[in-house]
Amino acid sequence: MRKYQVVFFGTSEFAVPTLKSLLESQEIEVNAIVSQPDRPTGRHQELTSTPIKAFAEKTGIPVLQPESLKKNPDFEELLQNLEPDLFVVVSYGQIIPKRLLEIPKFGALNVHGSLLPRYRGASPIQQSLLSGDTQTGITIIKINEKMDEGPILFIKRIPIEETDTFETLYAKLAALGGEFIAPVALDYIDETLGPIPQDHSRATYCEKIEKEDGRINWKVQTAEEIHNRIRAFTPWPGCFTMWNGKRLKVLKAKVQSDAKEKVGMIKIHTRESGEKELWIGTKHGALVAEKLQIEGKGEMDAKTFINGYGGKIQETPELSN
RNA sequence: CGCGGGGUGGAGCAGUGGUAGCUCGCAAGGCUCAUAACCUUGAGGCCGGUGGUUCGAGUCCACCCCCCGCAA
């Protein structure tokens, strides 16, 4: 029996479990992998493979890395010659033009890291944390020409735990993609799964995350909001503030909502148990920093930070944007 | 060679030419009903490496190794 021919489009780590599961499927053959071009990255600006390329190199399947998909006849012809049945697209990073989407017999599927139609766009995982949601999940849709608006084939919900951060949710949702992509794709091809249009009236969109979104504004943000931002933005872009002319990142924190500390002031608070904590005043409540990193140094927990910088905190307790 | 910060006892930091310190941890002892609290004492550093300047260098110079922030 002929296996279904699938072309996989993906770039980031999020796409790896999905690709892996397609490769393991008995009824599917991944005959090409498309990823973003290698970019200069890291401390020395070295050209680095995308996570998908790094993974794919182990399998021996060729990786295509077109600079652009628009007006790229060579690439279009190449895809046509592969005679694909289906595209699977996961965090690829580029919009795939309509004419390319028409190449495969069954169109293209996409795994999205939110419960569509909520959080269409590029940063659904961060957005659900920023909003303080208590549940999220993945949605597998059939791609149409509009971004994240295609009809839904499958939704899997999971709860967001208080302890979840971008990293934990990212891993959970990526794994779900891997768990469900192959069966959903096959059911879709068999037509045992029918696409259901999204309720566009309930759609919401992710704001694009900018570097500057990580800058903490102690005056206008509440402890609760900052806590959610830390959960969403760690490790990128990270939540930071300025202290003594240096960038101070808060990597992990909790909220002390009944505290009334001076806004933007850091202080060492001793609990009755004798435990010392770092409290920072916000618009409402205090943020209790548990893990932090100062520019040029490694990350450290609050206790370690107090041991080394305790005196300095008392000298210059004010933080600035 | 993209820009920049840093490598000092187990951890985090101070110390910029002249006998190596602080907070924490650790060990022993004390106080206490008790303690992550408090008091005493103690162990533990060839100050990343190599070479150089100097009467004398964590402390100045050169090169090398390693860690990290920005950037992507």
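Treat the numbers as computed from the prediction; the structure is a model and nothing was measured. Lettering follows sequence order; numbering is per chain, from 1.
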Taking B/rC65 as the reference, what is the distance to B/rG49 when you measure between their P atoms (whole Å, please)? 15 Å

Measure the distance from NZ on A/Lys291 to C1' on B/rG12 and round it to the nearest whole Å. 16 Å

Using a cut-off of strictly less than 4.0 Å, decide whether A/Lys297 has a side-chain nitrogen or oxygen near OP1 or OP2 of B/rC13. yes

If hydrophobic clusters are built from ILVMFWY residues whose side chains come within less than 4.5 Å, do A/Leu22 and A/Val111 share one? yes

Rounded to whole Å, please give me the gap between NE2 in A/His44 and P in B/rA72. 17 Å

Given atom CE of A/Met300 and atom P of B/rC24, what is their separation to the nearest angstrom? 17 Å

Residues which pass ring pair (Phe, Tyr, Trp, His ring centres under 6.0 Å) with A/Tyr170, listed by chain and number, not counting sequence neighbours: A/Phe14, A/Phe166

A/Phe305 CZ to B/rG12 P, straight-line distance once rounded to whole Å: 14 Å

Give the other cluster members for A/Trp218, using side-chain heavy-atom distances under 4.5 Å between Ile, Leu, Val, Met, Phe, Trp and Tyr residues; answer none if it is isolated. A/Ile216, A/Ile226, A/Ile230, A/Trp243, A/Leu248, A/Val250, A/Val263, A/Ile266, A/Ile268, A/Leu278, A/Ile280, A/Leu287, A/Leu292, A/Ile294, A/Met300, A/Phe305, A/Ile306, A/Tyr309, A/Ile313, A/Leu319

Suppose you measure atom C1' in B/rG9 against the same atom in B/rC46; what distance do you get, rounded to whole Å? 12 Å

Separation of atom CD1 in A/Ile294 from atom C1' in B/rC70, rounded to whole Å: 15 Å

Atom CG of A/Leu251 and atom C1' of B/rG69 are separated, to the nearest Å, by 12 Å

Using the C1' atom in both, what is the distance from B/rU16 to B/rG30, to the nearest Å? 41 Å

For A/His284, give me all partners under ring pair (Phe, Tyr, Trp, His ring centres under 6.0 Å), at least two apart in sequence or on another chain. none

The Watson-Crick or G-U wobble partner of B/rG51, with both key distances under 3.5 Å, is B/rC61

Write down the distance separating the C1' atoms in B/rA14 and B/rC24, rounded off to the nearest Å. 15 Å

What does B/rC33 pair with, Watson-Crick or G-U, if both distances are under 3.5 Å? none

Checking A/Arg247 now: which residues fulfil salt bridge (Lys or Arg N to Asp or Glu O under 4.0 Å) with it, not counting sequence neighbours? none

By a strict heavy-atom criterion of less than 4.0 Å, which residues belonging to residues 238-247 of chain A are in contact with RNA chain B? A/Lys246, A/Arg247

Atom CZ of A/Arg202 with >12 non-hydrogen neighbours under 6.0 angstrom: no

For RNA chain B, determine which residues of residues 307-321 of chain A have any heavy atom closer than 4.0 angstrom to one of its atoms, and list them numerically. A/Asn307, A/Gly308, A/Tyr309

Spacing between A/Lys303 atom NZ and B/rU23 atom P, to the nearest angstrom: 15 Å

C1' spacing across the pair B/rG21 / B/rG58, given as an integer number of angstrom: 12 Å

Would you list the protein and nucleotides 33-43 of chain B atom pairs, both N or O, that sit under 3.5 Å from each other?
none

Suppose we define a pair by two distances each less than 3.5 Å, Watson-Crick or G-U wobble; what does B/rC3 pair with here? B/rG69

Spacing of the P atoms in B/rC38 and B/rU8 (rounded, Å): 27 Å

Does a side-chain heavy-atom distance below 4.5 Å link A/Glu261 with A/Gln256? no

Between the side chains of A/Tyr4 and A/Ser25, does any donor sit under 3.5 Å from an acceptor? no

Taking the same atom, P, in B/rG5 and in B/rG42, what whole-Å distance lies between them? 40 Å

B/rC68 phosphate, OP1 or OP2, under 4.0 Å from A/Gln293 side-chain N/O: no

Ring pair (Phe, Tyr, Trp, His ring centres under 6.0 Å) partners of A/Phe180, counting only residues at least two apart: A/Phe154

Which residues pass the salt bridge (Lys or Arg N to Asp or Glu O under 4.0 Å) test with A/Lys172, sequence neighbours left out? A/Asp164

Not counting sequence neighbours, which residues clear salt bridge (Lys or Arg N to Asp or Glu O under 4.0 Å) with A/Glu212? List them please. A/Arg215

Partner of B/rU40 under the Watson-Crick or G-U wobble criteria, both distances under 3.5 Å, comes out as B/rA28

Residues in salt bridge (Lys or Arg N to Asp or Glu O under 4.0 Å) contact with A/Lys156, at least two apart in sequence or another chain: none

NA contact type, A/Thr304, heavy-atom cut-off 4.0 Å: base, sugar-phosphate, or nothing? sugar-phosphate

Could you work out the separation of B/rG48 and B/rA37 based on their P atoms and round it to a whole Å? 32 Å

Exercise answer: donor-acceptor pairs, residues 83-93 of chain A side-chain atoms, under 3.5 Å, sequence neighbours excluded:
residue: A/Asp85; atom: OD1; partner: A/Lys105; partner atom: NZ; Å: 3.4
residue: A/Asp85; atom: OD2; partner: A/Arg2; partner atom: NH1; Å: 3.1
residue: A/Asp85; atom: OD2; partner: A/Gln5; partner atom: N; Å: 2.7
residue: A/Ser91; atom: OG; partner: A/Ser12; partner atom: OG; Å: 2.7

Show, in sequence, the C-alpha distance, side-chain angles and deciding distance for A/Thr41 and A/Thr48, and conclude whether the side-chain hydrogen bond (donor to acceptor under 3.5 Å, both in side chains) test is met. CA-CA 6 Å; A/Thr41 186; A/Thr48 308; 5.1 Å; no

Syn or anti for B/rG4, with syn set at within 90° of 0? anti

Has the side chain of A/Arg43 got a donor or acceptor that lies under 3.5 Å from a partner of the other kind on the base of B/rG69? yes

Grab the CD-P distance between A/Glu299 and B/rC67 for me, whole Å please. 15 Å

